[in-house]
2 protein chains.
Amino acid sequence: MFSKACQYAIRATLFISQKSLQGERVGLKKIAEEIDSPEAFTAKILQQLARNSIIESVKGPSGGFEILDKNLDKIKLISIVEAIDGNQIFDGCGLGLKQCNSAKPCPVHDKFKSIRENLKHMLSTTNIRELATDLSIGNVFLKA
Amino acid sequence: MFSKACQYAIRATLFISQKSLQGERVGLKKIAEEIDSPEAFTAKILQQLARNSIIESVKGPSGGFEILDKNLDKIKLISIVEAIDGNQIFDGCGLGLKQCNSAKPCPVHDKFKSIRENLKHMLSTTNIRELATDLSIGNVFLKA
DNA sequence: TATATAAAGGACAAAAATATCCGAATATAT
DNA sequence: ATATATTCGGATATTTTTGTCCTTTATATA
Ligand code: FES
Ligand code: FES
């Protein structure tokens, strides 16, 4: 469904969000530990998220990553998915035709479209604060 | 969503189905042309489908690929997806946790689960004859 | 039986995704 | 100012996916 990079991105963003809710900034090492991801690869992904203004990065001692409070409401899951995986998953043909076009549809166009719209709706309406709050409550997890 | 191999597999299966409806067997070259896929790679995928008894292959002159009439009803899209991509897409965690487990769920478990169930239901109830018939009618297509 | 045709299968190649390493840049604290 | 902590960015490595090529095997038919 999503690339590993995207999965790490979502997990990392949620962990950073949780910390930001508590007013804490958090470093790469800690993030990679808490979401059980390869550290150097995670660093690349965090850079992408920072360039896309999903998270903020601060260099130097006591630096690390954080999310602006206003962004906890503004950023939806779909922002992360689009930043990392692009929108092929929403716009592309499920059977890999060069373009998904209802004027020249593939045999599963209608059925796929409806599922992709579900997915898109879910990702567009789920915000980060909501998920980070669930995490803080402690009944959901970021690693097995 | 699906690997390219899986997309080719579905397109190829539907094309073969359409021909089988007409009582015709069809060869690799023609298949690759009609679904716009790389020929040699498609050959590998057809082998996998044949080993999984989704399609039948016949060697030699006037050989090629076909689908048994009874299988046109029996084979659902999900059979193809599982044969090529496995069931990670249905069973795996959307955020990449080692296992999707409602006893220790990730923050999007419930939301993902519902979408994956939609997808699974759609793939489980869509059979090949139905899609091949649509193809024959000519209002859906296997290449752009 | 000989020949031609078509898929099967193994080895290899290229491209993309995932992952690592290390020096440079930068901010903080002393 | 200096030392230190931390992200940034470029180069490289590994793994997986996608794709190719060539030989072997099976089979129909002349
Ligand atoms: S054309 Fe295939 S999903 Fe729209
Ligand atoms: S635990 Fe993540 S989808 Fe079930």
Side-chain angles (χ1 to χ4, degrees), chain A residues 1-13 15-16 19 24-33 35-67 81 83-86 88-89 92 95-96 98, chain B residues 1-13 15-16 19 24-33 35-67 81 83-86 88-89 92 95-96 98:
Chain A
M1 188 87 95
F2 302 137
S3 68
K4 286 197 175 192
C6 186
Q7 296 176 334
Y8 296 148
I10 295 174
R11 307 218 306 266
T13 302
F15 180 64
I16 298 167
K19 288 298 180 180
E24 288 178 29
R25 202 176 272 160
V26 61
L28 168 63
K29 193 162 213 162
K30 176 80 170 163
I31 294 170
E33 266 166 23
I35 72 172
D36 190 25
S37 68
E39 190 175 317
F41 189 49
T42 304
K44 300 295 187 193
I45 295 162
L46 293 173
Q47 284 177 45
Q48 285 188 70
L49 292 173
R51 277 190 229 108
N52 282 274
S53 304
I54 289 170
I55 64 178
E56 316 300 314
S57 77
V58 180
K59 287 182 184 178
S62 89
F65 299 88
E66 66 189 348
I67 297 194
V81 174
I84 306 295
D85 279 353
Q88 179 66 11
I89 191 171
L95 293 192
K98 286 186 184 108
Chain B
M1 188 88 95
F2 301 137
S3 69
K4 286 198 174 191
C6 186
Q7 296 176 335
Y8 296 146
I10 294 174
R11 307 218 305 267
T13 301
F15 180 63
I16 298 167
K19 288 298 180 182
E24 288 177 31
R25 202 177 271 162
V26 61
L28 169 63
K29 194 161 213 166
K30 176 80 170 164
I31 294 170
E33 265 166 24
I35 72 172
D36 189 26
S37 67
E39 190 175 315
F41 189 46
T42 304
K44 300 297 188 192
I45 295 163
L46 293 173
Q47 283 178 45
Q48 285 186 71
L49 292 172
R51 278 190 228 108
N52 282 274
S53 304
I54 288 170
I55 64 178
E56 316 301 314
S57 78
V58 180
K59 287 184 185 176
S62 89
F65 299 90
E66 65 188 349
I67 297 195
V81 173
I84 306 294
D85 280 353
Q88 180 67 9
I89 191 171
L95 293 191
K98 286 188 185 108

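Reminder, nothing fancy here: chain letters follow the sequence lines and each chain counts from 1.
Rounded to a whole Å, the CD atom of A/Glu66 is 14 Å from the P atom of D/dT6. C/dA7 atom P lies 14 Å from atom CG of B/Leu49, rounded to whole Å. A straight line from CD1 of B/Ile45 to P of C/dG9 spans 15 Å, rounded to a whole angstrom. Summarising the geometry, the separation between CD on B/Gln48 and P on C/dG10 is reported as 13 Å, rounded to the nearest angstrom. A/Ile84 places its CD1 atom 15 Å from the C1' atom of C/dA19, with the value rounded to the nearest Å. Going from atom NZ of B/Lys59 over to atom C1' of D/dT27 covers 9 Å, rounded to whole Å. A straight line from CG of B/Asp85 to C1' of D/dT18 spans 13 Å, rounded to a whole angstrom. In this structure, CD of B/Glu33 is placed 13 Å from P of C/dA6, rounded to the nearest angstrom.
Rounding to the nearest 0.5 Å gives a distance of 12.0 Å between CD1 of A/Ile84 and CD of A/Gln7. One finds the CZ atom of B/Phe2 at 5.0 Å from the CD1 atom of B/Ile89 (value rounded to the nearest 0.5 Å). Interatomic distance, CD1 of A/Ile54 versus CZ of A/Phe65, reported as 13.0 Å (0.5 Å rounding). Remark: A/Glu39 CD to A/Lys29 NZ distance equals 5.5 Å, nearest 0.5 Å. Here the CG atom belonging to A/Leu46 is positioned 12.5 Å from the CD atom belonging to A/Glu56, to the nearest 0.5 angstrom.
Backbone-only engagement by B/Arg51 is indicated by non-hydrogen atom pairs under 4.0 Å involving sugar-phosphate atoms exclusively. Backbone-only contact: B/Leu28 has heavy atoms under 4.0 Å from sugar-phosphate atoms and none from a base. Within the nucleic acid shown, A/Lys44 comes within 4.0 Å of at least one base atom, counting heavy atoms only.
Scanning atom types as modelled, no donor and acceptor separated by under 3.5 angstrom connect the side chain of B/Lys4 and the base of D/dG19. For B/Gln47 against C/dG9, a side-chain-to-base donor-acceptor contact under 3.5 Å is present.
With B/Ile10 as the fixed residue, the side-chain contact (heavy atoms from CB on, under 4.5 Å) test singles out one of B/Val81, B/Leu49, B/Ile35: B/Val81.
Taking side-chain N and O atoms only, B/Ser57 has no distance below 4.0 Å to OP1 or OP2 of C/dA6. An OP1 or OP2 oxygen of C/dT18 is reached within less than 4.0 angstrom by no side-chain nitrogen or oxygen of A/Tyr8.
With D/dT20, C/dT20, D/dC8 as the candidates, the nucleotide lying closest to the side chain of A/Ala50 is D/dC8. Of the candidates D/dC8, C/dA4, D/dT20, the closest approach to any side-chain atom of B/Phe41 belongs to D/dT20. Side-chain atoms of A/Ser3 lie closest to C/dT18 of the nucleotides D/dG19, D/dT27, C/dT18. Of the candidate nucleotides C/dT20, D/dT7, C/dA27, D/dT7 has the atom nearest to the side chain of A/Phe65.
Each of B/Ile31 and A/Glu39 was assigned the nucleotide of DNA chain C with the nearest heavy atom; the assignment lying further toward the 5' end belongs to B/Ile31. Of the residues near DNA chain C, A/Ala5 and B/Val58, the one whose nearest nucleotide (by heavy atom distance) lies more toward the 5' end is B/Val58.
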